[in-house]
Amino acid sequence: MRRTRDSVLELSRRIAERTSRYRPNELYEYVEYKAEAEGLFVETTNPKNTSKRCAECGYIHDDNRPSRDTFECQKCGNQNHADYNAAKNVADVYLRREQQSSRGRGVSQYALKSGTVTPNRGYTPYSTESGVESTDKPHPQRANPSG
């Protein structure tokens, strides 16, 4: 156990050293360059409140982040790792923006460890046959305004 923890800490330290030498714009350009080489695209979103907003109910409050790693919604009780909750919020912001865009990239869902989320249908878990353990609570089905 100790060896695994030390390996993770060493890897984290090496990643931090490599990325800290880049200015933010330089890092973005490097990631964009690598993504294009793989046929992918890179977009940014405004990170405002993504770490304070509950990915389940949308409630925003400073107290939702009692510690650096912990997210606990003061309204609905949702608990998750803070970074995972924020990543879901960033993906949701991007997905909703992409729906209103004319860029036509066809981005209509985002993938989680346990399933996918779409703006209209909500959360859809992967099949239980995949052997993936769910870490997300199912989202209530959202009404589809187009019928």
Side-chain angles (χ1 to χ4, degrees), residues 4-127 130 132-146:
T4 302
R5 183 177 180 272
D6 290 345
S7 298
V8 169
L9 291 174
E10 175 62 20
L11 179 60
S12 296
R13 185 189 61 75
R14 288 194 339 237
I15 291 171
E17 284 176 1
R18 289 179 182 166
T19 58
S20 67
R21 67 179 170 219
Y22 292 103
R23 294 186 321 269
N25 194 45
E26 214 175 15
L27 181 59
Y28 177 84
E29 289 170 0
Y30 178 74
V31 169
E32 188 176 45
Y33 163 78
K34 290 293 189 178
E36 286 176 3
E38 296 295 322
L40 303 171
F41 62 89
V42 178
E43 283 285 336
T44 60
T45 61
N46 184 345
K48 183 178 181 179
N49 291 324
T50 56
S51 65
K52 300 176 190 177
R53 179 184 182 271
C54 178
E56 300 295 324
C57 72
Y59 182 68
I60 299 170
H61 199 279
D62 288 343
D63 292 344
N64 285 349
R65 282 290 294 272
S67 71
R68 185 175 192 271
D69 295 335
T70 306
F71 181 89
E72 296 175 9
C73 181
Q74 303 302 302
K75 184 175 181 183
C76 75
N78 173 40
Q79 295 181 351
N80 216 326
H81 189 280
D83 290 342
Y84 187 60
N85 183 76
K88 288 169 69 175
N89 283 324
V90 167
D92 191 55
V93 166
Y94 175 76
L95 187 60
R96 291 181 187 287
R97 181 178 73 197
E98 197 58 26
Q99 276 192 321
Q100 299 169 2
S101 170
S102 61
R103 289 182 280 209
R105 290 191 175 135
V107 178
S108 62
Q109 66 183 21
Y110 59 91
L112 303 171
K113 296 183 284 186
S114 58
T116 59
V117 177
T118 61
N120 296 330
R121 292 193 349 251
Y123 174 75
T124 305
Y126 294 129
S127 76
S130 69
V132 176
E133 183 180 336
S134 176
T135 57
D136 293 304
K137 292 186 276 185
H139 294 277
Q141 294 296 325
R142 296 179 180 138
N144 187 345
S146 62

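For the numbers below, each heavy atom of this structure counts, side chains included, while hydrogens, waters and symmetry mates do not.
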[X] side, atom [atom1]; [Y] side, atom [atom2] - distance, nearest 0.5 Å:
X: Ile60; Y: Lys75; atom1: CD1; atom2: NZ; answer: 11.0 Å
X: Cys73; Y: Arg53; atom1: SG; atom2: CZ; answer: 10.0 Å
X: Glu43; Y: Glu32; atom1: CD; atom2: CD; answer: 9.0 Å

Short question: side chain of Asp69, backbone of His81 - any donor-acceptor pair under 3.5 Å?
-> no
Going by heavy atoms in the side chains, are Asn85 and Asn78 under 4.5 Å from each other?
-> yes
Validation row: Phe71, Gln79 side chains within 4.5 angstrom (heavy atoms) =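 No, their side chains stay 4.5 Å or more apart.
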Looking at every non-hydrogen atom in both residues, tell me the closest pair between [X] and [Y] and how far apart they are.
X: Ser51; Y: Arg65; value: CB-NH1, 2.8 Å
X: Cys54; Y: Cys57; value: SG-N, 3.5 Å
X: Gln74; Y: Asn64; value: N-OD1, 2.8 Å
X: Asn46; Y: Lys48; value: OD1-N, 2.9 Å
X: Asn89; Y: Thr50; value: ND2-O, 3.0 Å

May I ask you to say whether Asp92 pairs ionically with Arg96, meaning some side-chain N is under 4.0 Å from a carboxylate O?
->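 Between Arg96 and Asp92 there is a salt bridge, with a charged N closer than 4.0 Å to a carboxylate O.
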Parallel, tilted or perpendicular: rings of Tyr33 and Tyr30 (30°, 60°) =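 Taking Tyr33 first and then Tyr30, their aromatic rings sit tilted (interplane angle of 30° to 60°).
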